[in-house]
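Notes to accompany the following structure.
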Amino acid sequence: QVQLVQSGGGSVQAGGSLRLSCSVSGGTFHNYAMGWFRQAPGMKRELVAGISPMTGGSTYVADSVSGRFTISRDNAKNTVYLQMDSLKPDDTAIYFCASDVNYGTFFGDPSFLRAWGQGTQVTVSS
């Protein structure tokens, strides 16, 4: 069974940076598309960034974080990262990583995604 374990996150002032990590076990990591979602209180879970399987040649970042967030993967470490720079208070949310064999699933109903990390709080103060 695939398990995703997140690390990173925390509190930072506006303009600061954080890096989230998501380590995957129990499966063949390079076969999985990976992504990061976030959910603020009272809001729907939204896709922040996604990366295709294998070499990760296809990536997606939401308009709201474009130019500030970068997703990457290290297949040798079975880990996907979300580098978050120039953070804003609006980025405050719980962040979740997710995996699926189908990259396209990330752009539909997130409830169909195969596996999720435990979530990590990111708080950006002004």
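Everything numeric here is computed off the predicted structure, so don't read it as measured data. Residue numbers start at 1 and run along the sequence shown. The analysis underlying the following values was restricted to heavy atoms, covering all of them including side chains, and did not include hydrogens, waters or symmetry mates.
Interatomic distance, Thr59 OG1 to Phe69 CZ, rounded to the nearest 0.5 Å: 14.5 Å. Atom OH of residue Tyr81 and atom CH2 of residue Trp36 lie 10.5 Å apart, to the nearest 0.5 angstrom. For the atom pair OG of Ser52 and CE of Met34, the computed distance is 12.0 Å after rounding to the nearest 0.5 Å. Interatomic distance, CD1 of Ile94 versus CD of Gln39, reported as 7.0 Å (0.5 Å rounding).
No path of Ile, Leu, Val, Met, Phe, Trp and Tyr side chains, each step under 4.5 Å between heavy atoms, connects Phe37 with Tyr95, placing them in separate hydrophobic clusters. Residues Phe96 and Val48 do not share a hydrophobic cluster, defined by chaining ILVMFWY side chains whose heavy atoms lie under 4.5 Å apart. Both Tyr32 and Ile51 are assigned to one and the same hydrophobic cluster, defined by single-linkage of ILVMFWY side chains at heavy-atom distances under 4.5 Å. Linking ILVMFWY side-chain heavy atoms closer than 4.5 Å, directly or via other members, places Val101 and Phe106 in two distinct hydrophobic clusters.
A donor-acceptor pair is defined here as one N or O able to donate and one able to accept, closer than 3.5 Å; no such pair exists between the side chain of Asn75 and the backbone of Phe29.
Counting heavy atoms of neighbouring residues, nucleotides and ligands inside a 6.0 Å radius, atom CD of Gln3 does not exceed 12 of them.
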Given the rule in the ring pair (Phe, Tyr, Trp, His ring centres under 6.0 Å) test, do Tyr60 and Phe107 qualify, once you have shown the distances and angles that lead to the verdict?
-> CA-CA 10 Å; Tyr60 164 86; Phe107 302 96; 5.2 Å; yes
Stepwise side-chain contact (heavy atoms from CB on, under 4.5 Å) test for His30 and Thr28 | CA-CA 6 Å; His30 64 252; Thr28 305; 3.5 Å; yes
Can you list the steps and then say if Val122 with Met84 is a side-chain contact (heavy atoms from CB on, under 4.5 Å)?
-> CA-CA 10 Å; Val122 171; Met84 305 184 292; 3.9 Å; yes
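Applying the side-chain contact (heavy atoms from CB on, under 4.5 Å) test between Leu113 and each of Leu47, Asn102, Thr105 identifies Thr105 as the sole match.
Note on residues 39-49: pairs passing salt bridge (Lys or Arg N to Asp or Glu O under 4.0 Å), not counting sequence neighbours, are Arg38-Glu46. Sorted by first and then second residue, the salt bridge (Lys or Arg N to Asp or Glu O under 4.0 Å) pairs involving residues 71-89 (not counting sequence neighbours) form an empty list.
For Ser86, the side-chain contact (heavy atoms from CB on, under 4.5 Å) partners two or more places apart in sequence, or in a different chain, are Arg68.
Closest approach of Gly35 to Ile71, counting heavy atoms only: CA-CD1, 4.3 Å.
For the residue pair Ser23/Thr79, the side-chain donor-acceptor check at 3.5 Å is satisfied.
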